[in-house]
Undergrad: 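One structure, as structure tokens, below. Some questions next.
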Amino acid sequence: MGKAPIITPQSEDFPKWYQDLLNKAELADNGPVRGTMVIRPYAYALWERMVSEMDTRIKAAGAENAYFPLFIPESYLHREAEHVEGFSPELAVVTHAGGKELEEPVVVRPTSETVIGEFMAKWVQSYRDLPLLLNQWSNVVRWELRPRTFLRTSEFLWQEGHTAHATSADASAYARTILEDVYRDFMVNVLAMPVYVGRKTADERFAGAINTLTLEGMMKDGKALQMGTSHELGQNFSRAFDVNYQDAEGTQQFAWTTSWGSSTRMMGGLIMAHGDDRGLVVPPRLAATQVVVLVVRDDDSGSVGAAARTLMDELEAVGVRTKLDDRLDVQFGRRATAWELKGVPLRIELGPRDIGEGLAIVARRDTGEKIPMQLSEVAGTVAPALERIQSELLSAAIVSRDDRTHNVSSVDEIFDAVEGGFARIPFTSLDEASITRLSDKGITVRCIQTAEGEAPESEDEPGLTALVAKAY
RNA sequence: CGGGACGUGGCGCAGCCUGGUAGCGCACCUGCUUUGGGAGCAGGGGGUCGGGAGUUCAAAUCUCCCCGUCCCGACCA
């Protein structure tokens, strides 16, 4: 059998492909409340790997983890004018609790600048208390009108960093450190996603920020996905929450704060950046399971199973995250398909035939190639092979990204260019009217970049380009 | 909130127009045969058709009301 595709081909219907994959690879289900999702174990294991890799980088950047409450007094949101305006429409508000109506409604955090600002004010007295570098891993709620699993859900998991600094320059530098050393490093080197970094235009900025830096990933359908953001908040929140300190000269100063976040949306990005018609493709450095040792079938003595277990032990001994699949009551084809759907980077097949010849078949998920290999050599070759796959995934993604990024010189050319890709245009070629024209077609300025493809210090630098695309 | 569609076993659907107490595919369970790419055959379990009211001898099918969901638009990590 097996003629019909397992999942809808990407070329036929990309959103359907995404949905099918979520189901077939057992990644996620919709929750009972609109816009919520259940993250299934396999996807959650990937998320845990993301958390682990990100957390290491966040700590290397000097931030410490803490935890702030889920509930925020509604009044806090109102203290920063733009912030409340930006978030009000999507707030979940608790008006009743403990069987009665609350005196002051409580909002479920959509982000924590406000509560954290309140406590920063308490903790910061002196310039010696700065910088204060905090991060928290938590869930947040934004009542989205158009939910889409992983990409835009009413509740999602994320990390949000919040820092306070003595000077604007310090805050600005830190926002950039996070952008580059935490987010970009993780996305490029672990997710194998060659994200574009840049600066958001004023229209696209975070509510209450003076500058928003972003990382934009390109999905296989050519649409953009914002993978993370790092904001300079200026003194907007420190003024609203009285985060002030006494400087070395004895003068009271308001601190300069930043905030930065990345979420389970990255799961969606991962899926749409690397997935193909056979399912998910997980980069080895991210994979919770890097290798699955699959017992094709066994003989009466169980010698194949024994060899498989030995191999698994050898692999784990050299630090390869390995899983054994010896479910002989499930057909080989079904199991092979299931692991492909899940995107496990390498599959090692063992059967009586192979064992007899001292061989194992090593199958690569990304290319589909199957290589017979001496069983005794497998453990030694897998780790470098995983690294090779990692770098080839990234190279392929870079090529594909570059192929689909089109330099244009006029607004009219953008419409064609963003069908299946991004357009790059001199920032000065865009005016108010053309941006409106574009947004009428669902096309937005993702970010502005310097000629070198970096995030500029301001919108006014000469030679800037705008990266324009349709976005999720 | 504006426009469109839909709600029938776990999932996807047919049945409704021309009322007669429910069917198909996948999934699930049991057995046998298979097992190196999503198995075959046989047997079997599971729904009362989103909710309520009405018409009728009889409603998944007709009427009315309500609820919910999905798609398109405005918002968005």
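In the text below, chain A, chain B and the rest are named by the order of the sequence lines, each starting its count at 1.
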Undergrad: Please output the side-chain donor-acceptor pairs of residues 303-311 of chain A that fall under 3.5 Å, not counting sequence neighbours, one pair per line with the distance.
TA:
unit_1, atom_1, unit_2, atom_2, d
S303(A), OG, D299(A), OD1, 3.2
S303(A), OG, D299(A), OD2, 2.6
T310(A), OG1, A306(A), O, 3.0

Undergrad: Compute whether any side-chain donor of one residue and acceptor of the other, for R335(A) and T337(A), lie under 3.5 angstrom apart.
TA: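 R335(A) vs T337(A): no donor-acceptor pair found between side chains.
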Undergrad: As an exercise, state the distance from CE of M50(A) to CG of D55(A), rounded to the nearest 0.5 Å.
TA: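 M50(A) atom CE to D55(A) atom CG measures 14.5 Å (nearest 0.5 Å).
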Undergrad: Of all of residues 351-368 of chain A, which get a heavy atom below 4.0 angstrom from RNA chain B, listed by number?
TA: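 Within this stretch, G351(A), P352(A), R353(A), D354(A), I361(A) sit under 4.0 Å of the strand.
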Undergrad: Does either side chain, that of T36(A) or that of S154(A), offer a donor lying less than 3.5 Å from an acceptor on the other one?
TA: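 No, S154(A) and T36(A) have no side-chain donor paired with an acceptor closer than 3.5 Å.
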Undergrad: Rounded to whole angstrom units, what separation is found between the CD atom of E90(A) and the P atom of C75(B)?
TA: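 Interatomic distance, CD of E90(A) to P of C75(B): 11 Å.
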Undergrad: Where along nucleotides 26-31 of chain B does protein come under 4.0 Å, by heavy atom, of base (B) or sugar-phosphate alone (S), with - for untouched nucleotides?
TA: -S----
Undergrad: Is the gap between the ring centers of Y18(A) and F150(A) under 6.0 Å?
TA: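 For Y18(A) and F150(A), the ring centres are not under 6.0 Å apart.
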Undergrad: In terms of side-chain heavy atoms, does E216(A) have a donor or acceptor partner in T214(A) at a distance below 3.5 Å?
TA: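 Present: a donor and an acceptor within the cut-off.
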Undergrad: Residues two or more places apart in sequence or in another chain: which of them pass side-chain contact (heavy atoms from CB on, under 4.5 Å) with S88(A)?
TA: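 For S88(A) the side-chain contact (heavy atoms from CB on, under 4.5 Å) partners, ignoring immediate neighbours, are V84(A).
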Undergrad: Whole angstroms only, please: what is the OH-P distance between Y472(A) and A77(B)?
TA: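 My rounded result for the distance is 17 Å.
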Undergrad: Under the criterion salt bridge (charged side-chain N to carboxylate O under 4.0 Å, His left out), which of K24(A), R365(A), R347(A) is the partner of E340(A)?
TA: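 That would be R347(A).
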Undergrad: Verify whether one side chain among N139(A) and R109(A) offers a donor that lies under 3.5 Å from an acceptor in the other.
TA: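 The criterion, which ignores hydrogens and geometry beyond distance, is satisfied for R109(A) and N139(A).
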Undergrad: So which protein nitrogen or oxygen atoms get under 3.5 Å of nucleotides 8-12 of chain B's nitrogens or oxygens?
TA:
none

Undergrad: Indicate whether any N or O donor in one side chain lies under 3.5 Å from an N or O acceptor in the other, for R404(A) and S400(A).
TA: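 The criterion, which ignores hydrogens and geometry beyond distance, is satisfied for S400(A) and R404(A).
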Undergrad: Starting from C1' on C76(B), measure out to CD on E85(A) and report it in whole angstrom.
TA: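 Atom-to-atom, E85(A) to C76(B), this comes out as 15 Å.
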Undergrad: Measure NE2/H83(A) against P/C76(B) and give the value in whole Å, please.
TA: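 Whole-Å distance recorded here is 14 Å.
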Undergrad: Does F156(A) lie flat on the base of A77(B), that is, centres under 5.5 Å apart and planes under 30° off?
TA: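 Per 5.5 Å and 30° rule: yes, stacked.
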Undergrad: Could you check how far CZ of R148(A) sits from P of C76(B), rounded to whole Å?
TA: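 Result: 18 Å.
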Undergrad: Using whole Å, report how far CD of E155(A) lies from P of A77(B).
TA: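 Atom CD in E155(A) sits about 18 Å away from atom P in A77(B).
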Undergrad: Can you run through RNA chain B from 5' to 3' and write each base as (, ), [, ], | or . depending on how it pairs? Watson-Crick or G-U wobble, both distances under 3.5 Å.
TA: ((((((((.[[[[.)....(..]]]].((((((.....)))))).....[[[[[..)....]]]]])))))))....
Undergrad: Which is true for E340(A) with a 4.0 Å heavy-atom rule: it touches a base, it touches only sugar-phosphate, or it touches nothing?
TA: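 The residue E340(A) makes base contact.
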Undergrad: State plainly whether the residues K370(A) and E349(A) are in salt-bridge range, i.e. N to O under 4.0 Å.
TA: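 The answer is yes: the pair qualifies as a salt bridge.
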Undergrad: I'd like to know if the side chain of E204(A) pairs up with that of T444(A) as donor and acceptor (distance under 3.5 Å, no hydrogens or angles considered).
TA: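 No - no donor-acceptor pair under 3.5 Å links their side chains.
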Undergrad: How are the rings of F241(A) and F237(A) set relative to one another: parallel (under 30°), tilted (30 to 60°) or perpendicular (over 60°)?
TA: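 Rings of F241(A) and F237(A): parallel, as their planes differ by under 30°.
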Undergrad: Using whole Å, report how far CD of E144(A) lies from P of G73(B).
TA: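 Atom CD in E144(A) sits about 15 Å away from atom P in G73(B).
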Undergrad: Looking just at side-chain N and O atoms, do T212(A) and H231(A) make a donor-acceptor pair shorter than 3.5 Å?
TA: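 Side chains of T212(A) and H231(A): pair found under 3.5 Å.
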